[in-house]
Amino acid sequence: MPELPEVETIANGVNARVQGDRIVEAWFGSHKEPFKTSPAKQAKGLEGRVFQSVHRTGKHIVCELGETLAGPATSQWIVHLGMTGRLLVTTPDAELAPHTHTRLRLQSGKEIRFVDPRRFGRLELRDLQRGAAFAAAGAEPLTVTRGEFAVLFRRRKLAIKAALLNQSLLSGVGNIYADESLFRAGVRPRRQAGRLTRAELDRLHVALQQVLRHAIQLGGSSVSDYVDAEGVRGFFQLEHYVYSRENQPCRQCGTPIRKIIVAGRGTHYCPGCQR
DNA sequence: ACAGGCTCCTGCAGGC
DNA sequence: TGCCTGCAGGAGCCTG
């Protein structure tokens, strides 16, 4: 499932391939996809626009669009991949994957395709002349400072795992990197967020940023069907210490990794290493 | 205000 | 072999 490192990898890949390219035609094949903006409005706003840049905000891919490459951005196309969403840059003759909901034909001949079997993804178009630019609700995990990080969890009664997943606190952390950073910080996922010591919060802050940066370097984690903009898998799944390793020995102490449910999510931790 | 649970959706694994 | 059930989870929504 795409989280911050996967979304960053995809956004960078798409940016490298489409920057400066113009959308010639927008096609929406499904009207059941939960669009935040209707397909008709999106098509009207997308056609003729130029991709100025593509970047990541939280778990969202934000495409800055303008009349020309250099001018001011006039709109944003915002893609949220949900669990199984993929944003691919292909040649027009590339085989059409099942559940392809959107195709953007570009002047260069390339095509951008949005594929999403489970339909948890969201597509939105923002007109910057009429409304505000997209902004994440929570703090940016890669740049949040140690002090800001600690404040996020102050007096919070929910489990630290649930707090990490709360996008209005931190934008971009999902199930894999929540589990992996808690392991590296030596903190049990069910601990009450507001009861973590400052030392534990500092360790978690360092662990989270290290895990996310390392995963970005490796192109993200490929579990289920994640691929980047070119259809290439990532390698961070090979570095997982706990995620999806139930009953397997901990890589640090040998204790079998335990799987529990926290905040309705499968949660993996080492009873030996995490307190 | 906050926390927890339900729901959407499809593919796949496991059990009988 | 084939069917059925349950599980995977991001995030919006509802409830207590």
Side-chain angles (χ1 to χ4, degrees), chain A residues 1-11 28-37 56-62 78-87 96-102 114-124 134-141 151-182 189-196 208 212 215 220-227 233-234 236-237 240 242-248 257-269:
Chain A
M1 55 296 316
E3 303 179 29
L4 188 152
E6 294 76 30
V7 176
E8 175 111 357
T9 302
I10 293 165
F28 291 82
S30 163
H31 291 262
K32 276 170 68 188
E33 184 79 18
F35 297 105
K36 284 194 154 186
T37 313
R56 174 197 64 78
T57 299
K59 290 180 198 170
H60 298 258
I61 299 166
V62 181
I78 299 140
V79 178
H80 191 289
L81 299 171
M83 266 195 68
T84 54
R86 284 150 54 186
L87 195 66
L96 206 62
H99 309 291
T100 300
H101 303 297
T102 304
F114 176 66
V115 181
D116 185 14
R118 233 168 281 186
R119 295 172 185 268
F120 281 15
R122 297 283 186 281
L123 300 178
E124 178 184 4
F134 178 80
E140 164 58 43
V151 168
L152 294 176
F153 306 107
R154 195 175 283 168
R155 286 187 288 275
R156 298 268 170 188
K157 286 183 181 157
L158 76 175
I160 185 63
K161 163 76 184 262
L164 287 171
L165 294 179
N166 185 334
Q167 299 299 297
S168 58
L169 296 179
L170 282 168
S171 293
V173 182
N175 210 33
I176 296 174
Y177 299 102
D179 283 4
E180 291 298 322
S181 56
L182 284 169
R190 278 214 178 107
R191 292 274 305 282
Q192 225 177 64
R195 294 205 165 186
L196 265 63
L208 178 63
L212 293 173
S221 298
S222 278
V223 300
S224 79
D225 51 3
Y226 164 75
V227 289
R233 293 166 63 81
F236 190 71
Q237 68 279 9
H240 292 175
V242 286
Y243 185 80
S244 202
R245 297 197 65 242
E246 186 184 8
N247 296 329
Q248 294 178 49
I257 299 302
R258 198 168 290 170
K259 182 179 179 186
I260 58 175
I261 303 293
V262 181
R265 299 283 167 259
T267 298
H268 313 75
Y269 74 99

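Since the model is a prediction, treat every value here as computed from it, not as a measurement. Note on naming: letters A, B, ... go to the chains in the order of the sequence lines (proteins, then strands), and numbering restarts at 1 for each one.
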Just how far, in rounded Å, is C1' of C/dG10 from CG of A/D179? 15 Å
Over 60° means perpendicular and under 30° means parallel, so tell me whether A/H240 and A/Y177 are parallel, tilted or perpendicular. perpendicular
Once you measure the plane-to-plane angle for A/F134 and A/H60, does it fall in the parallel (<30°), tilted (30-60°) or perpendicular (>60°) bin? tilted
Taking the minimum atom-to-atom distance to the side chain of A/R118, which one of C/dG10, B/dA3, B/dT10 wins? B/dT10
Could you tell me how far apart A/R155 (CZ) and B/dC2 (C1') are, to the nearest whole angstrom? 14 Å
Measure CE/A/M83 against C1'/C/dA11 and give the value in whole Å, please. 12 Å
Output the rounded distance in Å from CZ (A/R122) to C1' (B/dC9). 10 Å
Using whole Å, report how far CG of A/L169 lies from P of B/dC2. 10 Å
To the nearest Å, give me how far apart CD (A/E246) and P (B/dG14) are. 12 Å
Between B/dC8 and A/R119, is there an OP1 or OP2 to side-chain N/O distance shorter than 4.0 Å? no
OP1 or OP2 of C/dA11 versus the side-chain N and O atoms of A/K59: is any pair under 4.0 Å? yes
Nearest to the side chain of A/R265, heavy atoms from C-beta on, is which of B/dA3, C/dG10, B/dG11? C/dG10
Check this one for me: any side-chain N or O of A/H99 less than 4.0 Å away from OP1 or OP2 of B/dG11? yes
Electrostatic pair A/R56-A/E140, nearest N-O below 4.0 angstrom: yes
Looking only at the side chain of A/L158 (C-beta and beyond, no hydrogens), which of the listed nucleotides C/dA11, B/dT10, B/dG4 gets closest? B/dG4
Protein-nucleotide distance (A/K161, atom NZ; B/dA3, atom C1'), rounded to Å: 17 Å
Atom CG of A/N166 and atom C1' of B/dC2 are separated, to the nearest Å, by 10 Å
Looking only at non-hydrogen atoms, find the nearest pair between A/A137 and A/S171 and report the distance. N-OG, 3.8 Å
Identify the heavy atoms of A/E3 and A/V173 that sit nearest to each other, and give their distance. OE1-C, 4.0 Å
Does OP1 or OP2 of B/dA3 have a side-chain N or O of A/R156 closer than 4.0 Å? yes
